[in-house]
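The structure under discussion appears below in the form of structure tokens.
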Amino acid sequence: MKLKGKAWKFGDDVNTDEIIPARYLNTSDPAELAKHTMEDADPDFMKKISTGDIIVAGKNFGCGSSREHAPIAIKAAKLSCVIADSFARIFYRNSINIGLPIVESREAARETGEGDVIEVDLEKGEILNVTKGKTYRAKPFPPFMQDLIAKGGLMNKVKSELRK
Amino acid sequence: MGMTITEKILAAHCGRDRVEPGDLIEAAVDLVLGNDITAPIAIKEFEELGIDRVFDLEKIALIPDHFTPNKDIKSAEQVKMLRDFSKKYGIVHFYDVGRVGVEHALLPELGLVRPGMLIIGADSHTCTYGALGAFSTGVGSTDMAAAMATGRTWFKVPESMKFVFSGKLAPYVSGKDLILHTIGDIGVDGALYRAMEFTGTAIADLSVEGRLTMANMAIEAGGKNGIFMADGKAEEYVKSRSDCAYTVHASDAGARYAEVREYDAFGIEPLVAYPHLPENTKPARESGVKIDQVVIGSCTNGRIEDLRVAAGVLRGRKVHRDVRLIVIPATQAIYAQAMKEGLFEVFLEAEGIVSAPTCGPCLGGHMGILAEGEKCVATTNRNFVGRMGHPKSEVYLANPAVAAASAVLGRIAHPDELR
Ligand code: SF4
């Protein structure tokens, strides 16, 4: 799968309260949550983005609470992917489980500028900065997770196992 | 090669003699937790599986604590999902208003947490239970749904980091300060993907409550879990609440650690974590920041010991006229105990208020939201942007003694200043 979009840059340690503030967690409706994506990091974020855009951030992206609402909001906001230097553990797990593409690459995270056009090839694990004409290799997923992604997330895997 | 407590518990739950850091394992879980924010998503996913039973009626805990007593219609609907699901499947450990408390204070108190258990919860502070020698970690709602169906979950075995606290604690220094000191030292991703094991003479002196506070904040350093060996104090705590058998694991002498850090507890002062990260620690004594609100409560510091400490500082004093003090006992039992001991009189005479058990303001939910520009000292665990209200409000994390002294003085202060 190839993803393409404009980069929106964020710093280190972006936490789940910034991605989707707790004041909106009295619902779990993806469309409702999407309206407030990244609101406390950038109040105008949802007005600025277009479908397929990509979040590019520093280290420890998604730290803080275990709320799956964070990757759900990003996905429902029709962002195509998150590239970061590193991800917080539960956010990483949740993204894989629900099928939000996430990519770890220190170089890409550092060298991408706001507004750069980025192309991500998930199978090859390649990130192309179209604007700068530079290619980066993403850290590959372990085989177990590749299997999870291929099966369409954790619940689909459980479904197929329960049927056995 | 020896193993750590964390490795031993994980090995025991995937039917192996040993595991190594980096191994991907599928493990049986002893308890699966969800709350009114995370469980609704898990319930929807579970229902889509089309099965008619959960893996074990006694090994699932559904705790509506975040927006309860229901703060609005939407939260009422969320809690109703938990209530209906519990009835439909016969979930034993569902606790409603009047019985409920903040999840991570409630489960240990009910005796549902025992040494050697493997616990996952759709809440990041599930790491709290490591204080009793259990492996416990936060996961997402989908993980919770899968575990409710299968009783199993996957893990990557973490490397362990060891933190040794030697010496004794100075007056007014608590578990909160030890963990803030640790996070201040290693940073908010200093233990990313790792187990944090705490040991040393100062830890042995610490109460079970103090250890629960420390393990609670392991996630604030990025840790997968925090863990303590269950000693006599921990066993006594567990035995007084549960008749179930349990297994105490200890790390082997030759266990491998990615890193060992040693601290002299006596050199640690009451600390405050400045906005907007728990790693921004400074001595309370040097702060002096003017404040508008103080919150004493949460899964970090809303236990009876915390309320006693706060009342000790507040007794015979009044809260500063520019400050609102909100005290929130973490569970119904703590509430009752505090009332019996006369602590409520102290809080009320000081002109603070006492709330029913709830997460409430800790996550900016209800019961004490901050306006733009306001500053709050809280005994909670996170001071992220907008955590307790307006994105331009500020949260300062501290222990209950510092919080109480700051409430009296109207600025962040060391309790010594009141003497
Ligand atoms: S008290 Fe705060 S940190 Fe603890 S479970 Fe509730 S919201 Fe989370």
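Below, chains carry the letters A, B, ... as their sequence lines are ordered, and counting in each starts from 1. These numbers were taken from a predicted model, which means no experiment stands behind them.
Shortest non-hydrogen contact noted between A:Ser66 and B:Ala122 is OG-C, 3.4 Å. The shortest non-hydrogen separation linking A:Asn26 to B:Lys71 is ND2-CE, 4.2 Å. Of all non-hydrogen atoms in A:Pro142 and B:Leu24, the two that sit nearest each other are CB-CD1, 4.2 Å. Taking both residues in full, the closest heavy atoms of A:Ser65 and B:Ser124 are given as CA-OG, 3.4 Å, listed atom of the first, atom of the second, then distance. Between A:Val158 and B:Ala146, the shortest heavy-atom distance links the atoms CG2-CB, 3.6 Å. Closest heavy-atom contact between B:Gly389 and A:Arg23: O-NH1, 3.9 Å.
Proximity to chain A is limited to the side chain of B:Gln78, based on heavy atoms less than 4.5 angstrom apart. Both the backbone and the side chain of A:Leu25 come within less than 4.5 Å of a heavy atom in chain B. Heavy atoms of B:Leu277 lying under 4.5 Å from chain A belong exclusively to its side chain. When heavy atoms are compared at a cutoff of 4.5 Å, A:Tyr92 approaches chain B solely by way of its side chain, counted from C-beta outward. Both the backbone and the side chain of A:Asp40 have a heavy atom closer than 4.5 Å to some heavy atom of chain B. If you measure heavy-atom distances from A:Pro43 to chain B, you find no contacts under 4.5 Å at all. With a 4.5 Å cut-off on non-hydrogen atoms, B:Phe384 touches chain A through its backbone and its side chain both.
With a 6.0 Å radius and a threshold of 12 heavy atoms from other residues, nucleotides or ligands, A:Lys4 has its NZ atom at or below the threshold. Heavy-atom contacts from other residues, nucleotides or ligands closer than 6.0 Å to NZ of B:Lys392 number 12 or fewer. Other residues, nucleotides and ligands place no more than 12 heavy atoms under 6.0 Å from the CZ atom of A:Arg106.
Distance check, rounded to the nearest 0.5 Å: CD1 of A:Ile90 to NZ of B:Lys224 gives 10.0 Å. Atoms CE and NZ, from A:Met155 and B:Lys44 in turn, are 13.0 Å apart once rounded to the nearest 0.5 Å. Taking NZ of A:Lys159 as the start and CD1 of B:Ile51 as the end, the distance is 11.0 Å to the nearest 0.5 Å. Annotation: the span from B:Glu26 atom CD to A:Phe144 atom CZ amounts to 6.5 Å, rounded to 0.5 Å. Here the CG-CH2 distance, from A:Asn97 to B:Trp154, works out to 6.5 Å after rounding to the nearest 0.5 Å. Atom OG of B:Ser141 sits about 10.0 Å away from atom CD1 of A:Ile98, to the nearest 0.5 Å.
For a heavy-atom cut-off of 4.5 Å, chain B lies close to A:Ser86, A:Phe87, A:Ala88, A:Arg89 in residues 78-89 of chain A. Contacts from residues 51-60 of chain A to chain B, taken as heavy-atom pairs separated by less than 4.5 Å, involve A:Lys59, A:Asn60 in sequence order.
Residue with the most contacts toward chain A among B:Val139, B:Thr38, B:Asp72: B:Val139 (heavy-atom pairs, distance under 4.5 Å). Per-residue counts of heavy-atom pairs under 4.5 Å with chain A were compared for B:Thr126, B:Val79, B:Leu363; the largest is that of B:Leu363. For the set B:Gly187, B:Ser75, B:Gly365, B:Ala42, the entry with the most heavy-atom pairs within less than 4.5 Å of chain A is B:Ser75. Options A:Ile72, A:Asn15, A:Leu154, A:Thr27 differ in how many heavy-atom pairs under 4.5 Å they form with chain B, and the most are formed by A:Asn15. The choice from B:Asp143, B:Ile37, B:Asp123, B:Ile41 that makes the most heavy-atom pairs within less than 4.5 Å of chain A is B:Asp143.
Of the possible polar contacts, one joining the A:Glu68 side chain to the B:Thr142 backbone as a donor-acceptor pair under 3.5 Å is found.
Side chains of B:Thr137 and A:Arg93: no donor on one and acceptor on the other come within 3.5 Å.
When each of B:Arg387, B:Arg382, B:His276 is tested with A:Asp17 by the rule side-chain hydrogen bond (donor to acceptor under 3.5 Å, both in side chains), just one qualifies, namely B:Arg387.
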*Where do B:Thr150 and A:Glu161 land on the side chain to side chain donor-acceptor pair (under 3.5 Å) test, with the steps shown first?*
CA-CA 9 Å; B:Thr150 64; A:Glu161 281 169 9; over 6 Å; no

